[in-house]
Structures are given as structure tokens and as C-alpha cells.
Amino acid sequence: MSAESATAIPRGQVDLLDFIDFSGVECLNQSTSHSLSNAIKQGYREDDGLNLESDADEQLLIHIPFNQVIKLHSIAIKGPEEDGPKTVKLFSNKEHMGFSNVNDYPPSDTVVLSPDTLKGKPVVLKYVKFQNVSSLTIFIEDNQLDSEITKVQKIALFGTTVETTDMKSLKKIEDH
């Protein structure tokens, strides 16, 4: 499988990059010189030389708000084989999470990444749990070799917007 097909967008889904509200994106425990922008922003995330790196320990807590409600289908995370993320917990619509309370909530889904999926292969999520998502919190709990620093080269989210579904029915109500 070529590198291009490994990061192919799943059929019927779109890259949700354009729907991220970057003004509200947060990442706890990121290194100041290797911040989340390196892994999530267009152009930066395509450059394997740029990483998001954890700071004090291996954990990262990322909050991504969207500028409209989305349905999340899959996530692709790219990272180095040794210190790339391993256990990733995803929370739909959970605001104000910190390291102190992240374990108080059951995750909407948990993904365990292998060195193979860390090449950027989209991992399909429990779609039913991600139908009306206005924000996504990603908790990277550990990394492949339990090292002190976790490195993430790319995070890509795939899905669809909810808005496109019931525009016609809304219009009909106005007409009557």
C-alpha cells in the first residue's frame, strides 16, 4: 500500500479541517516549541519534520471545537513508531476537561494505535457515538514504548456536517 492510499479519505466522508474553530483549540501539556498547530493545521500536518510533543510527561489532552455540528466517522493519527500515541480516548461534546477529571467520564470511544495505524491510516470510530458533535476532546494516555515524550505528526478527522441533512424539512415548515 502506498503512502498516499494509507491516508486516503474514507468513502463518503470529508476532511473536517475546514470546520475546526481554531480560536478555541486547546492542548494541555504541549511543548511550547512543538505545539498542536504542527499536527493539526493545513500544511504543517503534512510535514513529517514538524511534531506536536508532550512536555512534562507522555500525556496530551486536546480540545477541538467545531464551527458547526459534525458527524465524526474516523480519525487518522500519524506519529513515530517508538513515541507515537498508543491509547487514545475520544470524548464527544465534553467541555472543560483537564488531566484531573479526564478519568471521571467514560470515553465515547477508545482507540489503541499500532505502529501500522500510526502511519496515518484512518481508524473508524463507533459512529453512533459521534452523531451530533460540536467539540471533540482527544486524550492521548500513553505512547508506544512508554517513553516520557509523546510525538504526533498529524491528526486528521473525517466525517460529515449535520447541517446538510434537514435543510429541506426546515424550508417546508416556513412555507406553511
Side-chain angles (χ1 to χ4, degrees), residues 1-4 6-8 15-17 20-66 72-126 129-130 133 135-159:
M1 186 181 266
S2 72
E4 270 184 65
T7 53
D15 185 332
L16 295 168
L17 183 73
I20 294 174
D21 174 7
F22 281 100
S23 66
V25 169
E26 286 180 302
C27 183
L28 302 183
N29 194 39
Q30 65 183 341
S31 157
T32 48
S33 56
H34 299 281
S35 68
L36 179 61
S37 299
N38 288 344
I40 203 167
K41 285 204 166 158
Q42 186 75 48
Y44 292 76
R45 66 180 192 175
E46 278 71 40
D47 183 341
D48 288 349
L50 296 173
N51 292 317
L52 159 63
E53 289 184 14
S54 62
D55 191 21
D57 61 21
E58 74 285 0
Q59 297 188 331
L60 287 161
L61 191 60
I62 301 163
H63 180 72
I64 301 174
F66 297 98
L72 185 62
H73 174 270
S74 49
I75 184 169
I77 297 178
K78 193 172 179 188
E81 213 168 291
E82 310 78 50
D83 32 25
K86 185 177 177 187
T87 310
V88 180
K89 293 181 177 176
L90 302 164
F91 301 86
S92 173
N93 303 328
K94 283 272 181 262
E95 304 292 322
H96 313 298
M97 288 182 79
F99 289 109
S100 59
N101 69 354
V102 75
N103 291 316
D104 296 351
Y105 306 101
S108 305
D109 203 355
T110 301
V111 175
V112 179
L113 298 168
S114 66
D116 191 40
T117 43
L118 272 177
K119 293 181 176 125
K121 256 187 205 159
V123 177
V124 177
L125 303 172
K126 290 178 186 154
K129 301 268 190 177
F130 298 96
V133 181
S135 72
L136 180 69
T137 301
I138 303 170
F139 175 46
I140 297 175
E141 196 166 36
D142 53 15
N143 56 39
Q144 297 293 319
L145 293 180
D146 292 324
S147 56
E148 279 296 295
I149 293 178
T150 298
K151 294 182 182 177
V152 182
Q153 292 162 323
K154 177 178 183 174
I155 297 173
L157 304 168
F158 303 106

- Where do G49 and D47 come nearest, in terms of heavy atoms and distance? N-OD1, 2.8 Å
- Query: Under 4.5 Å between any side-chain heavy atoms of N93 and S135, yes or no?
  - Reply: yes
- Message: Within the 4.5 Å heavy-atom criterion, are P115 and Q144 side-chain neighbours or not?
- Response: yes
- Polar side chain donor-acceptor pair, T87 to D142, under 3.5 angstrom: yes
- Under 4.5 Å between any side-chain heavy atoms of T150 and Q59, yes or no? no
- State, with a plain yes or no, whether a side-chain heavy atom of L157 is found less than 4.5 Å away from one of F66. yes
- Pairwise side-chain contact, V111 with T117, heavy-atom cut-off 4.5 Å (strictly under): no
- Roughly how far apart are L136 CG and L72 CG, rounded to 0.5 Å? 6.0 Å
- Item | Value rounded to 0.5 Å, distance of OG in S35 from CG in L50 | 9.5 Å
- Task: Drop me the distance from I77's CD1 to Q153's CD, to the nearest 0.5 angstrom.
- Result: 12.0 Å
- Donor-acceptor contact present, side-chain N101 to main-chain G98, <3.5 Å: yes
- Task: For S147, check side-chain hydrogen bond (donor to acceptor under 3.5 Å, both in side chains) against everything at least two apart and list the hits.
- Result: N143
- Item | side-chain contact (heavy atoms from CB on, under 4.5 Å) assessment of V152 paired with Q30 | CA-CA 11 Å; V152 182; Q30 65 183 341; over 6 Å; no
- Note on the structure: On a heavy-atom basis, the closest approach of I20 and V25 is CG2-CG2, 3.6 Å
- Query: Distance-only, no hydrogens or angles: does the S108 side chain make a donor-acceptor pair with backbone N or O of S92 under 3.5 Å?
  - Reply: yes
- Do the side chains of L113 and L118 get nearer than 4.5 Å, heavy atoms only? yes
- Indicate the atoms forming the closest heavy-atom contact of R45 with I40, along with that distance. CD-O, 3.6 Å
- Task: Measure the spacing between CD1 of I75 and CZ of F158 and express it to the nearest 0.5 Å.
- Result: 9.5 Å
- Query: Counting distance only, does the side-chain N/O of N29 pair as donor-acceptor with the main-chain N or O of A56 below 3.5 Å?
  - Reply: yes
- Message: For L52 and K151: C-alpha separation, side-chain torsions, deciding distance, then whether side-chain contact (heavy atoms from CB on, under 4.5 Å) applies.
- Response: CA-CA 6 Å; L52 159 63; K151 294 182 182 177; over 6 Å; no
- Item | Minimum-distance pair of heavy atoms, taken over all atoms of G120 and A76 | O-CB, 3.4 Å
- Message: Determine whether a donor-acceptor pair (N or O, by modelled atom type, separation under 3.5 Å) exists between the side chain of D109 and the backbone of K126.
- Response: yes
- What distance do L36 atom CG and S31 atom OG have between them, rounded to the nearest 0.5 Å? 12.0 Å
- Report the distance from atom OG1 of T110 to atom CD of E141, rounding to the nearest 0.5 Å. 8.0 Å
- Message: Quick one, K78 and D48 - any side-chain contact, counting heavy atoms below 4.5 Å?
- Response: yes
- Minimum heavy-atom separation for S54 to I149, with atom names? OG-CA, 3.4 Å
- Does the side chain of H63 come within less than 4.5 Å of M97's, by heavy atoms? no
- Task: Indicate the atoms forming the closest heavy-atom contact of V102 with F91, along with that distance.
- Result: O-CZ, 3.7 Å
- CD/E81: more than 12 non-hydrogen atoms of other groups inside 6.0 Å: no
